[in-house]
Amino acid sequence: MSKALSAIKNGIIDENPTFIQVIGTCPTLAVTTSAINGIGMGLSTMVVLICSNLFISLLRKIIPDTVRIPCFIVVIASFVTIVQLLLSAFLPELNESLGLYIPLIVVNCIILGRAEAFASKNGPITSLCDGIGNGLGFTIALCIIGLVREFLGAGTLFGATVLPEAFPKTLVMIMAPGAFFTYGALMAIFKRIINKMKEKKAANEAAA
Amino acid sequence: MNYLLFILAAVFVNNYILSQFLGICPFLGVSKKVETAAGMGVAVIFVMTLASIATYFIYSFILVKLNISYLYNIAFILVIAALVQFVEMFIKKSSPALYSSLGVYLPLITTNCAVLGVAVSNMQAGYGFLLSALNGFGGAVGFAVAIILMAGIRERVEENDHPKAFEGFPFALITAGLMSIAFLGFQGLINVSTVVKAMGL
């Protein structure tokens with residue numbers, strides 16, 4: 001049980017796919033024009049990640065080592081197709097705004113990365129938790145980036161206006177350059193916090 | 001003339017990296033040195049053009065004919081993975097010199113989302129054979145231009161003083177943001193849909 005829990009925590013904080021591992025950057029930058037889009041993308045990716053982790057972990061003894069990458073890709077692509085069909089049936093608006101990036105979940109390095117590094121070596125339950133952890137870490141990161149960009153660029157949070165009309169809006173934040181700036185700045189802040197925490201820990205240990 | 005405009009639009013106006021965010025992973029990962037960036041750029045141009053052509057044929061002659069076009073995602077990624085493997089084997093046999101300079105980058109291209117992205121967007125836009133090939137080629141040239149420029153900038157930035165927290169990726173992202181602002185200047189220069197219409201395709 002503790003192994004499963006630590007797999008979840010690991011995915012959210014210690015090995016956050018967006019801020020620490022810096023993988024799956026394309027959707028991170030592309031769809032975070034608003035918090036809702038970020039969450040939608042994060043959850044879609046999470047569903048695929050959880051399902052593929054579980055399946056690959058169950059099949060890990062059957063899949064021959066030499067052709068494992070193509071096998072993983074087929075499993076992932078099948079789940080992506082399922083998610084895409086479900087989205088276009090039940091959430092057509094979200095599907096429209098995420099557009100091209102839904103089929104591109106297939107080449108999201110997070111999913112193949114977790115399949116290769118974790119699910120192919122661990123049991124189904126821990127792999128499932130690893131999927132949940134990494135998926136949550138990704139969703140939270142996308143949501144934060146989306147919130148910052150939406151707030152600065154359109155003056156809204158989750159679609160509700162929060163900044164007064166007269167307040168100047170920085171349109172560039174919801175355009176392409178704003179994505180790079182927000183991601184870069186947030187990553188630097190995240191790094192700084194972690195460095196500070198490490199320094200403190202080291203100082204405590206030195207004092208003790 | 002229209003063909004030229006179409007390619008220029010793919011290179012500058014709809015630059016895959018800086019305005020559509022495809023292929024960011026290799027863009028950040030292998031842009032530390034100009035030579036490696038150029039190697040990656042050439043490999044991508046090669047594979048992306050071939051992949052656009054191959055996926056066009058697969059889509060219109062197999063998937064549509066069999067009425068299973070909803071499986072395009074699985075089909076495309078397999079075609080691309082197989083193509084990359086094939087290109088690697090072919091280059092290894094025919095030109096070992098080229099292989100030793102491109103070798104390391106080729107397997108990485110399978111997970112370059114720009115390659116699958118160009119295949120899917122060709123299909124969604126309903127481009128024919130020629131336009132698909134040109135779009136793939138133009139998009140890949142845009143990728144190469146962006147990654148080589150980026151590597152040039154990063155080589156110089158490395159030697160300057162900057163805040164410790166910004167070292168590595170954050171700095172690369174800020175640089176990319178500034179480049180992206182520069183590329184915003186191309187926006188509205190060429191309207192792709194009118195160009196396509198003018199070609200009558």
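Each chain gets a letter, A, B and so on, in the order the sequences are listed, and its residues count up from 1.
Residue B:Ile80 does not touch chain A at all, counting heavy-atom pairs closer than 4.5 Å. Looking at A:Ile69, there are no atoms closer than 4.5 Å to chain B (heavy atoms on both sides), in backbone or side chain. Using a 4.5 Å cut-off between heavy atoms, B:Leu116 contacts chain A through both its backbone and its side chain. For B:Phe183, no part sits under 4.5 Å from any heavy atom of chain A, backbone or side chain.
Options B:Ile181, B:Val115, B:Ile17 differ in how many heavy-atom pairs under 4.5 Å they form with chain A, and the most are formed by B:Ile181. Contact count versus chain A (heavy atoms, under 4.5 Å) is highest, among B:Ala82, B:Gly29, B:Gly177, for B:Gly177. Of the residues considered (A:Val106, A:Ile189, A:Leu186), A:Val106 shows the highest number of contacts with chain B, using heavy-atom pairs under 4.5 Å. Your options are A:Pro177, A:Ala176, A:Ala77, and the one with the most heavy-atom pairs under 4.5 Å with chain B is A:Pro177. Interface summary for chain B: among A:Tyr183, A:Phe181, A:Phe190, the most heavy-atom pairs under 4.5 angstrom belong to A:Phe181.
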(message) Quick one, A:Arg149 with A:Thr182, criterion side chain to side chain donor-acceptor pair (under 3.5 Å). Give me CA distance, side-chain angles, the key distance, then yes/no.
(response) CA-CA 7 Å; A:Arg149 289 182 67 192; A:Thr182 316; 4.7 Å; no

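No donor-acceptor pair under 3.5 Å is formed between the side chain of A:Asn10 and the backbone N or O of A:Ser6. With B:Asn15 contributing its side chain and B:Gly142 its backbone, the two residues share a donor-acceptor pair below 3.5 Å. Looking only at distances, no side-chain donor or acceptor of B:Arg154 sits under 3.5 Å from a matching main-chain atom of B:Ala151.
Side-chain atoms of A:Ser127 and A:Asn122 form no donor-acceptor pair, as typed in the model, at a separation below 3.5 Å.
Aromatic ring centres of B:Phe6 and B:Phe137 lie farther apart than the 6.0 Å criterion allows.
A salt bridge is defined here as a Lys NZ or Arg NE, NH1 or NH2 lying under 4.0 Å from an Asp or Glu carboxylate O, and B:Lys32 with B:Glu155 fails to meet this definition.
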